[in-house]
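One structure is given here, and the rest of the page talks about it.
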Number of protein chains: 2
Amino acid sequence: METVEARVLDAAERLFYGRGLQAVGMDAIRAASGVSLKRLYQVFSSKDSLVEAYLRRRDHRWRAALERFAEQRPAGRERILAVFDWLHQWFQEPDFRGCAFVNSYGELGAGHPGVAEAARSHKDAFRGYLATLVAGAGAAEALADQLVLLAEGAITTAAISGSPEPALHAREAARALLAAG
Amino acid sequence: METVEARVLDAAERLFYGRGLQAVGMDAIRAASGVSLKRLYQVFSSKDSLVEAYLRRRDHRWRAALERFAEQRPAGRERILAVFDWLHQWFQEPDFRGCAFVNSYGELGAGHPGVAEAARSHKDAFRGYLATLVAGAGAAEALADQLVLLAEGAITTAAISGSPEPALHAREAARALLAAG
DNA sequence: GCAGGGGGAGAACGTACGTTCTCCGTGGTG
DNA sequence: CACCACGGAGAACGTACGTTCTCCCCCTGC
């Protein structure tokens, strides 16, 4: 009873995230979703609008998954370190290929304002979440910016190196910064 | 008296870095370099080989510029912090658009082994350089991995946010980690 | 002056893609 | 049964691109 929109977005996410935006044609999404081109264009008026819907849904899901995971740990330092444990788990998923927003921004960047805006707002929201965790731990607000860099760096480095280890290095650095602050 | 190869690589770097790999056609490189398609294909047998030459040259130049800058500071902690000062300068260049290797890897990633390998070896070399700086400062080797994450995160965050500030946050975090270690 | 070869401009070719259109079958409604 | 609105399959259309080819000019060596 899944809706057509959901089936299309599932296929789009698998393909766009796995192979890049420009490398995936609408026909590949039709084949992967089983939704005819005609119907597909009734639901998403263009490839651009499908790309933006993909990024929007991924942003919500990614942050919800992170928050669900972190909130199982006690607020404070524990919960901050949980972010890096979650990254470590994510990096080990077989289809992990880095940050969808960084990849999309790097591919289209300028010249595609919708994608650039999606990347900016995703990163802003992530920083905002870290800031609430930092406040909850009673640490200096500047720490949030530093944690963002560690997480961001870990995601990119894990993608390129193909190893989940950067999450552990980032976790250790975060621990040291928390202890120093 | 500039060689044809250099003119082509200059144009390729400007266009590939500024707009992405797939968004730039060979004809745009011909127009920007003033080298005819025929000559262009005599020097680079395919677009793929031009892309790889672009990444190779950029890797060398980028690391050489960083090392030239850092070596003006005294070895030790000063020289490690200089890395982040150099990033801060880079982020303010008007055509800064993040890391060419991260962008290329995100765009093509799997399915293009030459690009993936170029990204891996660039990041390895950068980590290697930081490791020598860390050793020169007498700090624990694990610090190199943490500094990589800060630098990597700063590059990506600066690109998406459009602000050079992440370099300062990364510098401050590096200072704290150095003091703690 | 002249033959020949290298190079430039751009056409040509094959392919891929975003988007739309045509044609047909089907299932619900009187 | 007759009608029709919808949806599927895939052809069609316009464009863009990687790569090669054609044609012509100019420069060199004799």
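Any value given below was found using the heavy atoms of this structure, including those in side chains, with hydrogens, waters and symmetry copies removed. Order of the sequence lines sets the chain letters (A, B, ...), proteins ahead of strands, with each chain counted from 1. What you see is a predicted model, and the numbers here were worked out from it, not measured in a lab.
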To the nearest 10 degrees, what angle separates the axes at the start and end of the helix from C/dG1-D/dC30 to C/dG30-D/dC1, five pairs each?
20°

Any salt bridge between [X] and [Y], counting N to O under 4.0 Å?
{"X": "B/Asp85", "Y": "B/Arg79", "value": "no"}
{"X": "B/Arg14", "Y": "B/Asp95", "value": "no"}
{"X": "A/Arg58", "Y": "A/Glu13", "value": "yes"}
{"X": "B/Arg127", "Y": "B/Asp124", "value": "no"}
{"X": "B/Lys123", "Y": "B/Asp59", "value": "no"}

Just call it for A/Val24: base, sugar-phosphate, or nothing, with non-hydrogen atoms closer than 4.0 Å on any strand.
sugar-phosphate

For a quick check of understanding: with a heavy-atom distance under 4.0 Å over all strands, which category does A/Lys47 fall into, base, sugar-phosphate or nothing?
sugar-phosphate

On DNA chain C, more 5' by nearest nucleotide between A/Ala23 and B/Leu37 is B/Leu37

Among A/Tyr105, A/Tyr129, A/Trp62, the one residue meeting ring pair (Phe, Tyr, Trp, His ring centres under 6.0 Å) with A/His122:
A/Trp62

Of all nucleotides in DNA chain D that come within under 4.0 Å of a heavy atom of chain A, which is furthest toward the 5' end and which toward the 3' end?
D/dG7 to D/dG8

Neighbour count >12 (heavy atoms, 6.0 Å) for atom CZ, B/Arg19
no

For the residue pair B/Phe91 and B/Phe96, does the interplanar ring angle fall in the parallel (under 30°), tilted (30 to 60°) or perpendicular (over 60°) class?
tilted

Upstream residue (5' side of DNA chain D) when B/Gln22 and A/Ser36 are each assigned their closest nucleotide
A/Ser36

In whole Å, I'd like the distance from the NZ atom of B/Lys38 to the P atom of C/dG6.
9 Å

